[in-house]
Amino acid sequence: MAVTSMDRSLAARMIVSASRRVAEHQDELSRLDAVAGDGDHGVNMAEALAEAGRRIGGQDDRGAAGVFRTTGGAFHETVGGAAGALFGAFFGAAAGRLSGIAEPDASDFVAALGKGTARVMRLGRAEPGHKTMLDALAPAVEGAGAALEAGEALAGVMSAAARAARRGAVSTAGMPPKAGRARYAPDRSLGYQDPGATTVALIFEAWADEMNREEADR
Amino acid sequence: MAVTSMDRSLAARMIVSASRRVAEHQDELSRLDAVAGDGDHGVNMAEALAEAGRRIGGQDDRGAAGVFRTTGGAFHETVGGAAGALFGAFFGAAAGRLSGIAEPDASDFVAALGKGTARVMRLGRAEPGHKTMLDALAPAVEGAGAALEAGEALAGVMSAAARAARRGAVSTAGMPPKAGRARYAPDRSLGYQDPGATTVALIFEAWADEMNREEADR
Amino acid sequence: MSIRTRRFFNQPRRAVQEMLEGYAAAHADIIRLSGALVVRAVPKPEGRVGLVIGNGSGHEPAMIGWVGEGLLDVNVPGPIFSSPGPGGILEGIAAADRGGGVLLLVSSHTGDIMNASLAVAEAEDEGIDGVEMVVLYDDVASAPKDRSTERRGGAGLFFVWKIVGALAERGGALPACAEMARRVRDNTRSLSAALGTVAHPISGQPLGDPEDTSVSVGMGVHGEPGTRLGEEAGADDISEMMIGRLVDDAEPGPGARVGLLLNNAGSLTLMELSILYRGARAALADRGIEVVRSWIGPYATTLDQAGFAFALCSMDDEMLDLYDAPARGAGFTM
Amino acid sequence: MSIRTRRFFNQPRRAVQEMLEGYAAAHADIIRLSGALVVRAVPKPEGRVGLVIGNGSGHEPAMIGWVGEGLLDVNVPGPIFSSPGPGGILEGIAAADRGGGVLLLVSSHTGDIMNASLAVAEAEDEGIDGVEMVVLYDDVASAPKDRSTERRGGAGLFFVWKIVGALAERGGALPACAEMARRVRDNTRSLSAALGTVAHPISGQPLGDPEDTSVSVGMGVHGEPGTRLGEEAGADDISEMMIGRLVDDAEPGPGARVGLLLNNAGSLTLMELSILYRGARAALADRGIEVVRSWIGPYATTLDQAGFAFALCSMDDEMLDLYDAPARGAGFTM
Ligand SMILES: Nc1ncnc2c1ncn2[C@@H]1O[C@H](COP(=O)(O)OP(=O)(O)O)[C@@H](O)[C@H]1O
Ligand SMILES: Nc1ncnc2c1ncn2[C@@H]1O[C@H](COP(=O)(O)OP(=O)(O)O)[C@@H](O)[C@H]1O
Ligand SMILES: [Mg+2]
Ligand SMILES: [Mg+2]
Ligand SMILES: [Mg+2]
Ligand SMILES: [Mg+2]
């Protein structure tokens, strides 16, 4: 049965499954970051998401918005660095959009993704094409929006977002870096995906899987 | 024709040939010193002997004693360290015994070796059996003395000294170290020759070759 | 060629916290830990400007050694090579506030700037007044001169910490301190060089090719790779080339007086540093530039990277006077 | 695992000389080169005891950084890891002579002792009066306690240089200075540990197995090998074991007050040093021993060896007072 809204428990499971997925790919992410950065991206993301999972576990119920806000806080307090600030801002802004909505539906969720992405752009002053997490995030928002207009529910929306995020992440391999540490050694990272974009793809893929599982279960 | 005395020129050629021989084995000597010491013995010996050769080249004539004194000074001023002090003392004491003798003969030379060896023992407070240069020097003096008593001239005396020095150097491989840096890691150097003793053997072998060449030439 | 795979740690993830505990215990007369912050053992008098820096760890003695009299008030240490998050920086701002305003000095790196900006915004939200942020950059390898604001922070920032530290200690007001920070920054240039690489202690990822034996110039303070130099370059060649690039970029006027800093990125021997310094002095003398102050040693390290950086700061009388003022940090005294 | 095969040199054989030139140029207010000697820029007043040390190079900042007010008068640098010869030491003695006698402090190593003895004998021959030599040793790994005079010199000798340096500066007479040197030595113990090895810069010989990743305890200051520790030992285990050995050997009485020195043998990060220090403090606290002074940093290095040493010195009031006296060397100030 189609999942039409995102309650607290579903949002929490999304974070936990993202955490597991990123942890599995942690070494690969750090390796990508070592190409032209400082080699810690996998560690950063795994630690922040693990901390988010712990905090959500002990938290009282404030709906999906609460889960996302807690996740943003975990990013800001656990890892710092570029991705800590940006993912923290992403989840924080997404939480802001969902706040007060008891059971957000697919269109709320797509709007929240858009808010998060806009916040990332404002904070990092980068744009799609600069070889950053935005190259996965921006297409994900677009793909999700298109799926929503085509009448898809959460699972379909999320699957579209995941496919677009992955395509976006893969496309960063061909880009010269224009933001973040990697830009100081512009030739180094040619042929390698941006680590932050790869994390975005992994998170959306974990979410899509979670939604599809949920749908199958209902 | 037998060489019966050691003039300045012969003494100078002895130092030059010793210098060449040690330089050829420099890496091996440093490698031996790296086993339980600080890995510089070959460098030390090669530098000091090269410097001795340079100084002798520019020196006015003061006989074999002058050559040995200059060599001792080169050891003291070029390398320092344990072997610098000891080889410097050895050549200095040997020079003392030869001093004033215009054309020292084999018995003067054997006596000079004995003086040098005694000075090394007094300065370093080590004895044969401690796995040091003394384990080549002491047998060399003995072998030279025996050859002298058997009526050998300089070439024969030197050859006997060289054989004894080599045997002594080889025997150090089986000894536990009781002096020098190596004694702080007593197990490490088992099975390896003492670098200083090996240098002594090389020097005497170069000297024996030089004497035999000299005899053949006359 | 030069990558150490084992460290004297109990657990890599506990390393930063345990370091802070050990370092604070060793220097209890100068600093103390307040939660996750390194603060002065004896706070600055009321009414003075507080100086705060938030920075990744792995650069010690920066910045834990730079908190103290005549230097910084608060250091907010982040994880290894990672800026702390906005929450920590906000705490640092609050802790440094002695009623005279707070100057947040930020070494220009994407993460550091973003986290600092978030913290400043939160400080405003919470009604903390008089917080100013100055972004510092000096590394000529990271952007061309006409885009100097895009440059990274490097070891030259030491000049800012020292000079502005003295000014704040003497009672300089917030606008004057911020202005001085910008002035020193604009007079400072740095360039780094390194051999081999280091590995991130937690991820274990080497930040470059451990087998590469060439000298790389323009490496970042977190091991971000630079460009390779030929195998034959000797120390004097390297000093000459690097000083040349710094002077070309800085264009100090005739008769300029500079401070010369030679930063040990970690594991260079003092023997190598002294030889490099000797070459740098010769290169500056050739260009008619007078070296009035020199510092050789570890300022901002990159773990145990076998590398160094030269930093030049052109100094006027006021700067020189502040530069010579007493300072007492756990990692730097004068 | 941790051996650097390339260095920032012009030519390995010129490295020591160029280092001395560079270092002296950087610290012209404190030291100058006089031929092959490092001497104070401003000599000690007439009539005071001169302090001389002759030592191999490769241990910087020892001893080039330890010449200065409240410290040594003359350092006679030898080649890398080699004591200077008697001629150089004799010059050093002559240069340090201010009419109050000269104390030659010798770190116990075969070569150092022999060359120093030769120099002292030559000084006597030349009619230089009042030269005394004290041999210093502290390394508990190098001989058992009942043969302590056979022990090697290690990083603990810093305590001697500092305390005797202060005494000589204050005008202590030669016998008192020599006696104090022995007293501090007899109250000092050290023990080192290291990972990997270094190579002699000229011979290129690694002083141990570069592939060995085990921690070795009791290494000498020239990279002479020690004994291996298990792969699992964490920093706290190592600190506890080493402090235990030092305390067992020193047997400080109840209520003892010690100075704790943590020497960086070259390339340890301050992160690791701080963690090791934290463990050492805990180990000493467990044994009821009060740490009254602490120093963490490079004192006597072994090029860029990834290692360290702990040194403990039990201090009475007089020693503590001298320990706290001002000192101003290029590599150490307080
Ligand atoms: N200005 C920026 N805008 C968007 N994303 C950025 C920006 N700077 C860095 N990133 C992202 O952050 C990632 C690096 O994250 P991480 O390694 O965790 O942080 P740090 O660079 O501080 O070590 C990059 O791969 C990139 O996707
Ligand atoms: N006390 C001693 N008596 C005799 N020979 C010694 C003594 N100590 C060291 N040696 C010799 O010196 C050699 C080491 O010389 P070298 O490596 O040049 O000096 P260092 O040990 O100062 O680096 C040893 O191999 C040994 O033969
Ligand atoms: Mg990173
Ligand atoms: Mg040796
Ligand atoms: Mg980072
Ligand atoms: Mg030596």
Side-chain angles (χ1 to χ4, degrees), chain A residues 26-48 50-51 72-89 92-93 119-120 122-126 130 132-133 177-189 195-196, chain C residues 12-13 36 54-58 76-91 109-119 121-122 139 141-143 150-152 197-209 216 218-227 302-303:
Chain A
Q26 165 170 355
D27 288 348
E28 171 196 334
L29 294 169
S30 291
R31 207 151 42 233
L32 283 173
D33 190 32
V35 169
D38 60 353
D40 62 357
H41 185 68
V43 175
N44 292 344
M45 296 298 98
E47 292 211 343
E51 176 64 17
F75 270 97
H76 277 169
E77 282 150 46
T78 315
V79 297
L86 292 164
F87 278 94
R119 182 76 61 88
V120 167
R122 209 173 68 210
L123 179 61
R125 294 198 200 136
H130 287 182
T132 69
M133 59 190 280
K178 296 238 157 58
R181 302 184 191 289
R183 76 177 184 278
Y184 299 118
D187 306 334
R188 284 272 184 156
S189 65
Chain C
R13 280 171 211 272
N55 67 285
S57 295
V76 191
I80 292 174
F81 292 168
S82 253
S83 154
I89 301 175
L90 183 61
E91 279 176 43
H109 297 277
T110 322
D112 297 64
I113 295 175
M114 289 190 291
N115 285 291
S117 311
L118 290 170
E122 285 183 37
D139 177 4
S142 53
E150 292 173 35
R151 288 178 170 171
R152 279 187 299 222
T197 180
V198 290
H200 192 284
I202 299 180
S203 75
Q205 283 303 319
L207 307 176
D209 176 2
S216 122
M219 199 203 55
V221 289
H222 314 87
E224 298 92 335
T227 45
T302 302
L303 295 169

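To find a chain, count down the sequence lines: A is the first, B the second, and so on, and within it residues start at 1.
C:Ser203 contributes atom OG, which lies 8.5 Å from atom CD of A:Gln26 (distance to the nearest 0.5 angstrom). Here the CD atom belonging to A:Glu28 is positioned 11.0 Å from the CD atom belonging to C:Gln205, to the nearest 0.5 angstrom. Annotation: the span from A:Leu123 atom CG to C:Met114 atom CE amounts to 5.5 Å, rounded to 0.5 Å. The NE2 atom of A:His76 sits 12.0 Å away from the CG atom of C:Leu90 when rounded to the nearest 0.5 Å. Rounded to the nearest 0.5 angstrom, A:Glu47 CD and C:Ile202 CD1 are separated by 5.5 Å. Annotation: the span from A:Asp38 atom CG to C:Phe81 atom CZ amounts to 7.0 Å, rounded to 0.5 Å.
Of all heavy-atom pairs between C:Pro206 and A:Ala34, the closest is O-CB, 3.6 Å.
For chain A, no part of C:Asp112 is nearby; none of its heavy atoms comes within less than 4.5 Å. For A:Asp33, no part lies under 4.5 angstrom from a heavy atom of chain C. For C:Pro201, no part lies near chain A; criterion is any non-hydrogen pair under 4.5 Å. Contact annotation for C:Arg151: only backbone heavy atoms (N, CA, C, O) come within less than 4.5 Å of a heavy atom of chain A. C:Ile89 does not touch chain A: none of its heavy atoms, backbone or side chain, sits under 4.5 Å away. Interface residue C:Leu118: only side-chain heavy atoms are found under 4.5 Å from chain A. C:Pro79 touches chain A through its side chain: at least one heavy atom from C-beta onward sits under 4.5 Å away, while N, CA, C and O do not.
Taking chain C as the reference chain and counting heavy-atom pairs below 4.5 Å, the highest number among A:Arg125, A:Arg188, A:His41 is found for A:Arg188. Options C:Met219, C:Glu150, C:Arg152 differ in how many heavy-atom pairs under 4.5 Å they form with chain A, and the most are formed by C:Arg152. In terms of non-hydrogen atom pairs under 4.5 Å with chain A, the most contact-rich of C:Ser82, C:Gly56, C:Gly85, C:Gly54 is C:Ser82.
Residues A:Arg183 and C:Thr110 have side chains in contact (heavy-atom distance under 4.5 Å, counting atoms from C-beta outward).
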